[in-house]
Participant: 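Sharing a structure with you now.
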Amino acid sequence: MDTHAWIYLFFYAESAMYALIDCNSFYANCEKLFRPDLKDKPVVVLSNNDGCVVARSSEAKLLGIKMGVPYFQVKDFCDQNNVTVFSSNYTLYADISQRVMMTLETLCPTVEVYSIDEAFLYLADYPVAMQDLSAYGHKLKAIVEMHTGIPVSVGIGTTKTMAKLANHAAKKYPATKGVCVLENIRWIRRIMQITDVGELWGVGRRYKLRLNEMGIHTVYQLAICEPGKIRQHFGVVLERTCLELNGQSCLGIESIAPKKQIISSRSFSERITDQQALSESICAHVAKAASKLRKQDSVCAYITVFAKNSPFSKNEPYVLISGDYHFITPTADSRVMVTAARQVLKVIYKEEVRYAKAGVMLLGICQHDEVQLDLFAEGQSNQNDSGQEERAKKSTNKRVEVTAIMDELNQKYGQNSNQQAAVFIASEGIKANQSWQMSRNMLSPCYTTNINQLPKVH
DNA sequence: TCTGGGGTCCTAGGACCC
DNA sequence: TCTGGGGTCCTAGGACCC
């Protein structure tokens, strides 16, 4: 047997430690927080448009409801088994997530929020934690649960990949009581041997198939592979995974960086066959994406507009239309971007397609103060003759002011009950009149973020 | 009838430059 | 007979993640 790999472990084991805290069945448990009557009952949460199951409580998992199944396939089953079903309420989940993350920040100086329900902690520069990792792990779990009511699992290991593996074990094996520390070599080997390689962070469906073909089925078998060989077959990403399994840290704690691409897209609740309706939805996506763009102080160099029919339909061919618009000067002005998007749509639009989804992508994103100016464009110069320069400056400033005021008003007044912003661009249309808007028929109240929807105690 | 949405990173290949 | 070599930038596509 090839044992070269284990040498790393001894070298690196003491130098670094990462913890991964992962909320259990996060969306489902957020819903349960405010519904004590659902304690110990099965709950599932659906994706937008009530399309697929995206979260299941532990009871729902036991019933055998699979992650990602289309809701219509399990609807009857849910009815028969008294499963409570919710549309996703992202406003609620985001607020609860923030509470979890804030609690973690009081327990460790270095926290990386990895997703809405997960965070990595870097323990190496926190001596208190390093003294007794298991005790610290249990403390993390207890305090987060006490402060937020959300149950979590804790995994601790020498690298991020090991922390992920530990977390997986903490979730899967009740004997761990939700906290697993991968410190002891024999224990590490044991966990690796009983974990399918497809469960590992960084191994998706494709890689699992190819690894299996090579005779690699468990995490352990991957860990003892020659990293160079893995690189040859799969590239550097999986090579890093392999190294991380041997205690050699390749992935550090990352700080929050501005997004390099911003997407806004959504399926319609019903098919659209009319260009006007499609245009309104596209314009709304542009406005939403542009507002995200401004929030991170960025501008974008080009925008992609796309729309498509359903890829699942059996009696119509799959149609995807898409087109780009390149801005001469990168921009974050919703009105400029809406005009561009409408122009693109006119060019790419195809008649007689039953559109099921549309959206936009913003690309070529950079910070607004790093913009490459266009020598000949108006409204941005800094070396023209003074009169022109003044006019140009005024025009630019006005644009910035208008969007800033729109953002401020929308921030202050929020959305009405139809999810329409307080101030919006006319070409977005009136949402109340748009029958194709996302359907969310089983939405819970925004218990923590809307004054009119606070839970009541009787 | 009914199948989510939003991201990241890496790689290969083409265009272009000197 | 014999048609370079090295570099950058951009893009599309493929893989992964939650």
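Given the structure is predicted, the values throughout are model-derived calculations rather than measurements. Here is how names work: the chains are called A, B, and so on, in the same order as the sequence lines, proteins then strands, and each is numbered from 1.
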Participant: Is there a side-chain contact between A:Ser267 and the phosphate of B:dG5, meaning an N or O under 4.0 Å from OP1 or OP2?
Facilitator: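 Indeed, a polar side-chain atom of A:Ser267 lies that close.
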
Participant: What is the distance, rounded to the nearest whole Å, between atom CH2 of A:Trp436 and atom P of B:dT1?
Facilitator: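 Distance, rounded to whole Å: 24 Å.
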
Participant: What integer distance in Å separates A:Asn309:CG from B:dT1:P?
Facilitator: 16 Å

Participant: Both A:Cys52 and A:Arg240 contact DNA chain B. Taking the nearest nucleotide for each, which residue is further toward the 5' end?
Facilitator: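 Of the two residues, A:Cys52 wins.
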
Participant: Grab the CG-P distance between A:Leu46 and B:dG5 for me, whole Å please.
Facilitator: 13 Å

Participant: OP1, OP2 of B:dT1 versus side-chain N and O of A:Arg271: anything below 4.0 Å?
Facilitator: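 No, outside the criterion.
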
Participant: Measure NZ/A:Lys260 against P/B:dC10 and give the value in whole Å, please.
Facilitator: 9 Å

Participant: Going 5' to 3' through nucleotides 13-18 of chain C, assign each nucleotide B (protein heavy atom under 4.0 Å from a base atom), S (under 4.0 Å only from sugar-phosphate atoms) or - (no protein heavy atom that close).
Facilitator: --SSSS

Participant: Return the value, rounded to whole Å, for the distance between atom NE2 of A:His285 and atom P of B:dG6.
Facilitator: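 In whole Å, B:dG6 P and A:His285 NE2 are 8 Å from each other.
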
Participant: Please tell me if A:Lys259 has a side-chain N or O lying less than 4.0 Å from either OP1 or OP2 of B:dT8.
Facilitator: no

Participant: Identify, between A:Tyr90 and A:Val236, the residue whose nearest nucleotide on DNA chain B lies closer to the 5' end.
Facilitator: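 Comparing both residues, the 5'-ward one is A:Tyr90.
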
Participant: Please tell me if A:Tyr302 has a side-chain N or O lying less than 4.0 Å from either OP1 or OP2 of C:dT11.
Facilitator: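 Yes, because at least one side-chain N or O of A:Tyr302 sits under 4.0 Å from OP1 or OP2 of C:dT11.
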
Participant: OP1 or OP2 of B:dG7 versus the side-chain N and O atoms of A:Lys292: is any pair under 4.0 Å?
Facilitator: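 Yes, such a contact exists.
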
